[in-house]
Trainee: 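Handing you this structure, nothing more for now.
Every chain is numbered from 1 and lettered A, B, ... according to where its sequence line falls, protein lines coming before strand lines. Please read all numbers here as calculations on a predicted model, not as lab measurements.
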Amino acid sequence: MTKQAFGKSLRLLTSSDFQVVFDHAPVRASHNHFLILARFNALDHPRLGLVIGKKHVRLAHERNRLKRHIRETFRLRQQSLRGLDVIVVARKGMGELSNPQLISQLTQQWQRIERRAQQQSAHDTSAQGD
RNA sequence: GGAGUCGGCUCGGCAGUCGCUUCAGUGCUCAGGCAAGGCUCUGGCUUUGUCGCGGUAUUGGGGAGGAAAGUCCGGGCUCCAUAGGGCAGAGCGCCAGGUAACACCUGGGGGGCGUGAGCUCACGGAAAGUGCAGCAGAAAGGAAACCGCCUAAGCGAUUGGCUUCGGUCGAUCGACGGUAAGGGUGAAAAGGUGCGGUAAGAGCGCACCGCGCAGCUGGUAACAGUCUGCGGCGAUGGUAAACCCCGCUCGGAGCAAGACCAAAUAGGAACCCAUAGGUGCGGCCCGCAUCGGGUUCGGGUAGGUCGCUAGAGGUGUACGGUGACGUGCAUCCCAGAUGAAUGACUGUCCUCGACAGGACCCGGCUUACAGGCUGACUCCAUUU
RNA sequence: UGGGGCGUAGCCAAGCGGUAAGGCAGCGGGUUUUGAUCCCGUCAUGCGAAGGUUCGAAUCCUUCCGCCCCAG
């Protein structure tokens, strides 16, 4: 039951949190409507940050809709994103996506992030082992 | 029944699962405070009780809009001086009222539109002054005469009769004379129609309509009138969203205002005294503050807390008022986030769901918008 | 969220009540053996959009649209 909660601890809260991820994000997934940046943290849970610019999505209720869906998809697969700080950046045209399109594209990109994070951590541990 | 006008309300419903935020209660944990006791080298250490920031779990409440929007006006609130004086500048503009205030609202007047219910209008002043009107046109403002019309008087030319040779009576022509009817230009050329009048014409005269001024009456007033009198009306053309005049209103910035706690970092901050000069306070001046000197120690970025929601508040009711609204009483508490919350999924029903998301708060205006419910009224048709 | 500014041809722009200058680019032509230079002509719809004031609006007023900047 507690596995799928989404409280304050699962979010990036300060601009320094954001800056750390922007400065060095080894895991990335790019899509032509949005971009996901991720970096390992020292915690046993993931954290999410959102950057939805007014430039790219003009209307406030559209921005809210995007944020809700991003948070929802993140919430439902937070177990597999364990140990990552993630930022989702909106690009132009994201607001034109319908809800089903948005959800399918988001889940695709989350899967890519998970695979790359696994590869990365496997590489790190083997390197440490050597 | 059809067509239409003006309002008011509402913004998918229900069930289940997983989530977000806030408030309250409870359990656990815990920075720390307080009280009492014990030990002690008088620094402290420790036990119990109690309060309890924060975290977490759980239970139960609350959780976007009519436009939350544009930021176009008006306020509250905060700081700047207590928000003051003058100039400059800006806004508003039929009248009366409502209001915290307004550019809003209500009622009334006037113009325009509609058969009507109704709708609509930045609607003070051009008889204080300055300016503007390209092109066209003769002329664009207290003017002028291009074409045209006229030849009565007067003037000039030619000429005839009469003559006492001074003139006098005619004819024809002219425009240097008269005219503003008509033509033409323009957005605009200075009352209209008819009759009279005249050489031709003209408010030149008259009638009716229109206009202006004064009075009277009604109305708080704007204004109105089958009212009375006067004025022929080239008095007084248009433009003030041109300058301007008149009347009224306005100090500036904004919650990223501002107050408090407070790592880092830099050296300053508070109080008293002095006030020439510099700087700041809204554009300027007045005015005020500060820089300067002395004395005393705290100051403040990241971050956090407050401001932050009980209010010109909602609902009901009684009374006053044509109404906007006001007053009294009763009752209710109805978002308060801060990397920023109302969602997702499943099922189901229907009329298949528009525009769209609070960020200090209110009152308006404007713009966007799929529907649904409902009240009052108008016109047309028809039935009984 | 609050505050401020700007929209004139493909680009850079002047004009701010009276038929919208100018430059670059483009197109057509001329000069030249060819090219560059130079000369001439051209850009039917254009003043961000819609209303209003005015005889007349890019210009004045109102509302809307788009873009940019500043304040953490």
Side-chain angles (χ1 to χ4, degrees):
Chain A
M1 286 305 174
T2 61
K3 289 176 193 167
Q4 293 187 337
F6 183 68
K8 280 258 171 79
S9 59
L10 298 198
R11 304 180 200 177
L12 297 177
L13 293 177
T14 65
S15 61
S16 56
D17 290 344
F18 274 78
Q19 203 52 55
V20 164
V21 179
F22 278 123
D23 287 347
H24 181 65
V27 184
R28 296 159 168 269
S30 185
H31 183 266
N32 58 350
H33 292 128
F34 56 93
L35 169 72
I36 303 181
L37 302 173
R39 165 193 175 96
F40 297 102
N41 61 22
L43 308 168
D44 64 342
H45 55 80
R47 293 191 297 178
L48 176 68
L50 297 171
V51 178
I52 315 291
K54 215 173 195 173
K55 269 188 179 173
H56 299 118
V57 186
R58 185 171 301 284
L59 297 172
H61 77 276
E62 285 294 313
R63 289 197 296 277
N64 280 343
R65 184 172 67 88
L66 296 179
K67 289 192 241 177
R68 282 167 182 158
H69 280 98
I70 295 167
R71 276 197 285 259
E72 187 65 15
T73 53
F74 173 84
R75 183 175 73 82
L76 293 172
R77 40 176 61 245
Q78 59 177 274
Q79 289 306 312
S80 43
L81 291 166
R82 185 187 294 270
L84 287 171
D85 279 352
V86 182
I87 297 180
V88 180
V89 184
R91 287 179 171 170
K92 217 160 208 166
M94 198 177 184
E96 275 98 74
L97 294 174
S98 68
N99 285 355
Q101 282 178 321
L102 189 62
I103 291 166
S104 69
Q105 292 183 13
L106 279 167
T107 44
Q108 269 179 28
Q109 300 308 313
W110 287 128
Q111 284 166 4
R112 285 177 67 187
I113 287 285
E114 286 160 19
R115 266 185 275 122
R116 290 181 191 185
Q118 277 174 10
Q119 287 167 14
Q120 196 81 26
S121 61
H123 180 75
D124 286 359
T125 49
S126 65
Q128 278 172 8
D130 296 349

Trainee: For B:G66, does the O4'-C1'-N9-C4 or O4'-C1'-N1-C2 angle fall within 90° of 0, making it syn, or is it anti?
Mentor: syn
Trainee: Determine whether the aromatic ring of A:Phe6 stacks with the base of B:G19, defined as ring centroids separated by less than 5.5 Å and ring planes inclined by less than 30°.
Mentor: no
Trainee: Rounded to the Å, how far apart are A:Leu12 CG and B:U338 P?
Mentor: 15 Å
Trainee: Can you tell me how far C1' in B:U249 sits from the matching atom in B:G304, rounded to whole Å?
Mentor: 45 Å
Trainee: Mind calculating the distance between NZ (A:Lys54) and C1' (B:G70) to the nearest angstrom?
Mentor: 12 Å
Trainee: Closest approach of A:Trp110 and A:Val86, non-hydrogen atoms and distance?
Mentor: CZ3-CG1, 3.7 Å
Trainee: Could you tell me whether B:G43 is syn or anti, where syn means a glycosidic angle within 90 degrees of zero?
Mentor: syn
Trainee: In the strands shown, is C:A9 matched to any nucleotide by a Watson-Crick or G-U wobble pair with both distances under 3.5 Å, and which?
Mentor: none
Trainee: Choosing from B:C18, B:G339, B:U21, which nucleotide comes nearest the side chain of A:Arg75?
Mentor: B:C18
Trainee: Separation of A:Glu72 atom CD from B:C345 atom P, in whole Å?
Mentor: 8 Å
Trainee: Select one nucleotide: of B:G339, B:A340, B:G343, the one nearest the side-chain heavy atoms of A:Val51.
Mentor: B:G339
Trainee: Grab the CZ-P distance between A:Arg63 and B:G339 for me, whole Å please.
Mentor: 16 Å
Trainee: Any donor-acceptor pair under 3.5 Å linking the side-chain atoms of A:Gln78 with those of A:His45?
Mentor: no
Trainee: About how many Å separate CG of A:Leu66 and CZ of A:Arg71, when rounded to the nearest 0.5 Å?
Mentor: 10.5 Å
Trainee: Atom CG of A:Leu13 to atom P of B:U21: distance rounded to whole Å?
Mentor: 11 Å
Trainee: Starting at CG of A:Asn64 and ending at P of B:A340, how long is that distance when rounded to a whole Å?
Mentor: 11 Å
Trainee: Measure CZ/A:Arg68 against P/B:G63 and give the value in whole Å, please.
Mentor: 16 Å
Trainee: Could you work out the separation of B:G283 and C:C16 based on their P atoms and round it to a whole Å?
Mentor: 29 Å
Trainee: Which glycosidic conformation, syn or anti, is assigned to B:A64 if syn requires a torsion within 90° of zero?
Mentor: syn
Trainee: What integer number of Å spans the C1' atoms of B:G364 and B:U322?
Mentor: 24 Å
Trainee: If you only use heavy atoms from C-beta on, which nucleotide in B:C18, B:A344, B:A356 is closest to the side chain of A:Leu59?
Mentor: B:A356
Trainee: Starting at CG of A:Leu10 and ending at C1' of B:C20, how long is that distance when rounded to a whole Å?
Mentor: 12 Å
Trainee: Of the nucleotides B:G19, B:A340, B:A356, which has the atom closest to the A:Leu50 side chain?
Mentor: B:A340
Trainee: With a 4.0 Å cutoff (strictly under), does any side-chain N or O of A:His61 reach OP1 or OP2 of B:A356?
Mentor: no
Trainee: Nucleotides 65-72 of chain C: which of its N/O atoms have a protein N/O under 3.5 Å away?
Mentor:
from	atom 1	to	atom 2	distance (Å)
C:C67	OP1	A:Arg58	NH2	3.0
C:C67	OP2	A:Arg58	NH1	3.4
C:C67	OP2	A:Arg58	NH2	3.4

Trainee: Sort and list the pairs that fulfil side-chain hydrogen bond (donor to acceptor under 3.5 Å, both in side chains) and have at least one residue in residues 81-100 of chain A, not counting sequence neighbours.
Mentor: A:Ser30-A:Arg91, A:Asn41-A:Asp85, A:Arg47-A:Asp85, A:Arg65-A:Asn99, A:Gln79-A:Arg82, A:Ser98-A:Gln101
